[in-house]
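The structure appears below as structure tokens.
Hydrogens, waters and symmetry mates play no part in the numbers below; they use all other heavy atoms, side chains included. Bear in mind the structure is a predicted one, so any value in this text is a computation, not a measurement.
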Amino acid sequence: MAVLDLVPNPWYLAAGVTLDLLLGDPQYPAHPVRLIGWTLTRAENTLRKVGMNGYGGGILLFLVLAALWMGGISYSIAALPHLPAAVLAVFLIYSLLALRDLLRHGWRVENAAQRRDITTARAAISKLVGRDTSKMDTAACVRAAIESMSENLTDGFVSPVFWYTVGGLPGLVLFKVVSTMDSMVGYKSQKYLRFGWCGARTDDLMNWIPARITWLLLTTIALVLPGYSSRKSLTIGWRQHAIVPGPNSGWSEAAAAGALERRLIGPIWDHGNLVTSVWLGDPADPPAGAPGDFRRAAVLVAAAGILAVAVAIAIMFCAY
């Protein structure tokens, strides 16, 4: 029985992160997130067929998915001998982290912008943000890529690392269940306003502490790396995080704007209509999007992610 392979293990986390940085997110049919999404769709269809399409149905969906995936993975690993259980645990950790892909998606936008290929830049950024890209120039595309990368640092990497540190593999799996629910049913549309409420609110809750940790990680990295402003990262993160809708996204975006000494967001269009022209960052700083801005942002985000892992590993060793 390999129950100990379920608890937080610094060596397993280090191995999973190393694989992610070297290889990126693995693409295979039985990827856990893909399977969670598959079971979610079928559970949702069943609940709707029996009339459970409101708050109760959404809560039951969460309970079913959490029990199925936490229980199933925990049983599978606990039932294996130690060595195959350890290999499976590391592979699952690797599959559920996404730092390299986070950076890779942003670099696609940056590379197109460097070539001044606005069509490719718009196509690449449209996969990362839900806004009208037809009015975006290359600088706006790069700016949006920086926003997406800094926001997703929290829910794509720091939060999974946090919940693995707190709850081991079951904690990491639970976070991914909630994250998948938020991305698939956590909308404010008529169809999902009530049914998706549980997933959306639980996702807010599970990202609440990691979002603020990410703010501090970015501030710390900005203190160490030359050419960044730790003071602005700290103060702008604190003062301007609420500019971005939601309780969590603004912390890392505002911190990144301050650290880079560049303004983010700017004019956003939706179906040809101007939605907002609010800027995030010091009004005295130039807008992000100039040559070199994305590279600096990528270094900042990658370093903050690595620092998150280092802190998590240190905590696990101290807890032994």
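Between F294 and W107, the ring-plane angle classifies as perpendicular under the 30° and 60° cut-offs. By the 30° and 60° cut-offs, the orientation of the rings of Y28 relative to H31 is tilted. Below 30°, between 30° and 60°, or above 60°: for W197 and Y55 the angle between ring planes is above 60°, a perpendicular geometry.
Taking 4.5 Å as the limit, every side-chain heavy atom of P267 sits out of range of all side-chain heavy atoms of T276. At a threshold of 4.5 Å between non-hydrogen side-chain atoms, the residues S252 and L218 count as touching. Residues R201 and L205 form no side-chain contact, since every pair of their non-hydrogen atoms from C-beta on lies 4.5 Å or further apart. Side-chain contact between R262 and R296: present, with at least one pair of heavy atoms (C-beta onward) separated by less than 4.5 Å. T165 is listed as a side-chain neighbour of M316, based on a closest heavy-atom distance under 4.5 Å. By the 4.5 Å heavy-atom criterion applied to side chains, I313 and F317 are counted as neighbours.
Side-chain polar atoms of N207 and S159 form a donor-acceptor pair below 3.5 angstrom. Checked by atom type, the side-chain pair T39/W69 shows a donor-acceptor distance below 3.5 Å.
Residue-environment remark: CG (L88) exceeds the threshold of 12 foreign heavy atoms within 6.0 Å. When the shell of 6.0 Å around CZ of R116 is examined, it contains 12 or fewer heavy atoms from other residues, nucleotides or ligands. With a 6.0 Å radius and a threshold of 12 heavy atoms from other residues, nucleotides or ligands, R104 has its CZ atom above the threshold. Around the CH2 atom of W238, the shell of radius 6.0 Å holds no more than 12 heavy atoms that belong to other residues, nucleotides or ligands. Residue R48 places its CZ atom among more than 12 non-hydrogen atoms of other residues, nucleotides or ligands, all under 6.0 Å distant.
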Begin with the C-alpha distance, continue with both residues' side-chain angles, and end with the deciding distance and a verdict on side-chain contact (heavy atoms from CB on, under 4.5 Å) for I213 and L217. CA-CA 6 Å; I213 291 174; L217 290 169; 3.9 Å; yes

I'd like to know whether E147 forms a side-chain contact (heavy atoms from CB on, under 4.5 Å) with L128, so could you lay out the CA-CA distance, the side-chain angles of the two residues, the decisive distance to 0.1 Å, and finally the verdict. CA-CA 10 Å; E147 294 163 25; L128 301 179; over 6 Å; no

Test T219 against S233 for side chain to side chain donor-acceptor pair (under 3.5 Å), laying out the working first. CA-CA 5 Å; T219 297; S233 182; 3.1 Å; yes

Run the side chain to side chain donor-acceptor pair (under 3.5 Å) check on Y94 and D25 step by step: do they pass? CA-CA 8 Å; Y94 159 50; D25 190 37; over 6 Å; no

Under the side-chain contact (heavy atoms from CB on, under 4.5 Å) rule, what do Y228 and V299 come out as? Steps first, then yes or no, please. CA-CA 11 Å; Y228 298 83; V299 170; 3.7 Å; yes

After noting the C-alpha distance and the side-chain angles of F162 and W208, does the key distance pass the ring-ring contact (aromatic ring centres under 6.0 Å, His included) rule? CA-CA 11 Å; F162 174 84; W208 199 91; over 10 Å; no

Worked check of side chain to side chain donor-acceptor pair (under 3.5 Å) between S249 and E151: CA-CA 6 Å; S249 300; E151 176 187 351; 3.2 Å; yes

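Of the inter-residue distances, the one linking S126 atom OG with R131 atom CZ reads 11.5 Å to the nearest 0.5 angstrom.
Contact check on D285 versus K232 returns a salt bridge, with a Lys/Arg side-chain nitrogen under 4.0 Å from an Asp/Glu carboxylate oxygen. The pair E110-R115 does not meet the salt-bridge criterion, since no charged nitrogen lies less than 4.0 angstrom from a carboxylate oxygen.
Under the 4.5 Å side-chain heavy-atom criterion for Ile, Leu, Val, Met, Phe, Trp and Tyr, L23 and L21 are members of the same hydrophobic cluster. Under the 4.5 Å side-chain heavy-atom criterion for grouping Ile, Leu, Val, Met, Phe, Trp and Tyr, V142 is connected to V301 within one hydrophobic cluster. Cluster annotation: W215 and I243 are assigned to distinct hydrophobic clusters (Ile/Leu/Val/Met/Phe/Trp/Tyr, side-chain heavy-atom contacts under 4.5 Å, transitive). The hydrophobic clustering, which links ILVMFWY residues whose side-chain heavy atoms are closer than 4.5 Å, places L234 and I209 apart. By the criterion of side-chain heavy atoms lying less than 4.5 angstrom apart, applied directly or through intervening Ile, Leu, Val, Met, Phe, Trp or Tyr residues, M52 is grouped together with M184 in one hydrophobic cluster.
Residues I118 and C141 share a closest heavy-atom pair of CD1-SG, 4.3 Å.
Cation-pi geometry between R34 and W38 is not met: the NZ or CZ atom fails to fall both under 6.0 Å from the ring centre and inside 45° of the normal.
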